[in-house]
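Predicted model only: the values in this text are computed from it and were never measured. The basis for the numbers below is simple: all heavy atoms, side chains too, and nothing from hydrogens, waters or symmetry mates. FYI, the numbering just counts along the sequence from 1. Just follow the structure's listing: the first ligand is 1, and inside any ligand the first atom is 1.
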Amino acid sequence: MAPSTRAGGNALARLTSVRGLLYGGDYAPEQWPAETWREDAQLMVAAGVNLVTVNVFGWSRIEPAEGERDFAWLDEVLDVLHEWGIAVDLATPTASPPPWLASRYPETRPVTADGVRLWHGSRNHFCPTSVVYRDRARRIATDLAARYADHPAVVLWHVGNEFGQVCWCDGCAARFRTWLTTRYRDLEGLNEAWGTAFWGQRYSSWEQVVPPRAAPYLPNPGTDLDFRRFTSDMLLQLYTEQRDAIRGAGAAQPITTNFMGFFPGLDPTTWVGELDVVSDDSYPDPADPEAPVRAALTHDLMRSLADGGPWLLMEQAVSAVNWREHNLPKTAEQMRSDALRAIAHGSDGVLSFQWRASASGAERFHSAMLPHAGTDTRVHRAVRALGADLRALAPLAGTPITARIALLFDWPSWWTATRRGLPTSRLDPLEQLLAWYRPLWRAGYAVDIVTGEADLTGYALLLAPTLHTVTDRALTNLRSAVGTGVLALGPFTAVADPNGAVRPAPLPAGLADLLGAQVEEWCPLGPDGARLTARGAGTGLRGHAHTFAERLRPHGATVLATFTGADLDGCPAVLRAPGADLFHLGAVVDEETMTTWIGLLTGAAGLAPPESPVTGPAALETARRGDHLFLFNPGSTPVTTTLTHPCTDALTGAERAGELTVPAAGAVVLKET
Ligand code: GLA
Ligand code: ZN
């Protein structure tokens with residue numbers, strides 16, 4: 001993860017340079033008679049579909065009984081798709097092991113923290129460390145790849161689906177111990193790292209070490225953190241084993257698996273080195289007014305994982321999902337905006353779950369590109385229109401995005417700061433990330449999301465909203481970044497070591513001397529919060545602090561704002577280091593104050609808001625990719641703005657000048673002429 005733009009090394013960019021932006025979705029033909037497959041292919045072509053993901057849940061069909069193989073149906077499916085010019089993203093079907101496997105080998109099924117072994121009958125019912133499961137998964141991946149390595153339809157491989165399983169079984173416990181031995185070498189190291197001197201948790205033999213299973217009270221935070229790392233690593237092994245099986249069978253196409261955005265169950269920053277293509281599943285809730293900014297943030301994470309180059313929106317919904325309590329459909333404009341937002345933030349395609357609506361099964365009420373009611377439907381018309389939009393945007397394929405601003409976020413910080421036993425459970429690093437991101441998103445800045453260990457040298461502005469857990473390497477990195485860019489820290493940042501233990505004072509660790517101040521105390525705020533008032537002229541920092549604040553003790557830092565009220569009356573709230581480009585905000589603040597704060601920092605970093613041919617209402621969300629400017633209206637009423645100079649409408653080819661109206665929830669894409 002670096003601000004580089006090495007699209008040349010991006011396997012997806014190579015694929016889309018030939019095929020243009022990718023459009024399509026999951027296709028599960030095993031649900032339908034063979035006559036349907038030709039009809040599907042024909043309809044796909046009419047909709048502009050050029051890629052479908054096949055076989056995600058095909059295992060019980062390919063291997064109907066242990067060791068048997070039935071590829072005939074898949075042969076035909078791939079041939080039909082190829083005949084119609086539709087490329088295939090072929091999946092190893094390992095996310096849903098067949099019932100015969102789950103029944104014959106109960107140890108392949110996962111066990112919960114309470115000791116319950118889960119059953120088959122849904123999906124994802126596998127233990128990530130089960131030797132039998134892994135072996136069978138490898139075998140099916142090998143045979144699949146051997147059969148289709150040279151099939152002309154296959155352009156991409158898709159390993160498993162949405163990795164995220166957790167298992168607390170005895171097998172996982174044994175594997176966890178091995179993993180810990182590698183990390184700490186001996187039991188002494190483990191006892192030290194986990195601070196087992198507290199509450200008499202000292203381990204005297206490895207057999208006593210177990211995953212954090214159901215226990216009477218708060219678990220050891222070190223155990224919890226390491227179990228999450230371990231689980232992420234085990235899932236990654238599943239991925240790499242199947243990837244290697246595909247390669248070993250002679251397949252040369254790029255290989256990926258679909259992430260789930262900011263999903264806590266695996267740390268994607270430790271995975272990306274193993275993927276040829278970064279891909280993501282994105283299901284913004286059409287009922288959530290915050291969905292656009294959340295989606296944009298997640299897309300920026302994916303682009304950052306892809307080093308600024310293209311990534312792939314592997315799944316989204318064309319309308320409603322069926323797994324929330326109450327599932328609003330998307331309007332056609334919402335659907336288009338959700339798809340184009342991903343393109344604007346660096347995706348080289350839009351794939352949806354799924355092509356044809358399922359008649360049966362758990363997801364029969366999930367929307368699909370081809371709804372139950374067929375082609376003469378609102379949804380399918382929108383699907384065809386999007387196909388045309390993506391064709392019009394084909395020149396964007398492969399275009400990287402360079403950001404001068406990075407937000408720092410990492411999974412261990414998120415894991416640690418969302419556990420029980422903290423000053424507050426209301427300070428979620430992800431929500432803070434979003435709060436700091438929002439003003440940048442509104443202003444249309446390109447923003448990367450990186451860890452403290454990334455190459456930070458190319459960024460003019462680095463923002464660490466709640467980087468709670470920091471490695472020594474991250475601290476050195478952050479410290480040296482202060483010379484090359486502006487660094488701003490938020491509350492509860494640089495507090496803990498990688499095991500969650502509080503680092504020695506003064507805090508923020510490794511930066512307090514540079515800052516000319518230290519954090520003395522963490523102070524969750526009562527319902528009234530505290531006021532924040534600018535000290536001296538010029539910063540405009542005034543507003544409301546809520547949820548969480550810090551008692552800061554300056555020794556040389558300039559105080560830019562102070563608290564009024566609560567127990568912190570008169571205490572510093574915002575600091576700037578003496579003679580260094582380092583700032584510290586010691587509170588969670590309201591949106592307006594956050595906007596002022598971010599404005600102060602972009603100013604200090606010399607980053608003017610991105611130029612735009614659009615003036616007028618700030619209600620429009622903008623994002624730039626190459627020479628294309630995307631305008632989104634996240635609101636529920638149309639927004640009219642004025643172009644400062646004529647532009648081409650990239651979707652229609654028409655010249656646009658003067659007034660421009662973006663419909664409610666809609667999007668317009670302009671090309672500078
Ligand atoms: C996930 C899965 C799909 C499907 C969709 C439904 O993204 O990968 O198989 O279940 O959710 O939204
Ligand atoms: Zn297990």
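Using the six-membered ring where Trp is involved, F176 and W179 have ring planes that are parallel, under 30° apart on the 30 and 60° scheme. By the 30° and 60° cut-offs, the orientation of the rings of Y239 relative to F163 is perpendicular.
A donor-acceptor contact closer than 3.5 angstrom is absent between the side chains of E333 and S337. Defined by atom type and a distance below 3.5 Å, a donor-acceptor pair is present between the side-chain atoms of H151 and D79. Side-chain atoms of D428 and T418 include no donor-acceptor pair closer than 3.5 Å. Between the side chains of R324 and Y283, not a single donor N or O lies within less than 3.5 Å of an accepting N or O. Judged by distance alone, the side chains of R384 and H380 do bring a donor and an acceptor atom under 3.5 Å apart. Looking at Q31 and R356, their side chains never bring a donor and an acceptor atom within 3.5 Å of each other.
Shown are the protein N/O/S atoms under 2.8 Å from the Zn ion (ligand 2), given by residue and atom: C127 SG, C167 SG, C169 SG, C172 SG.
F353 and W355 have their aromatic ring centers separated by at least 6.0 angstrom.
Residues with a heavy atom under 4.0 Å from ligand 1: F57, R123, N161, E162, D281, Y283, E315, W323, F353, E363, H366.
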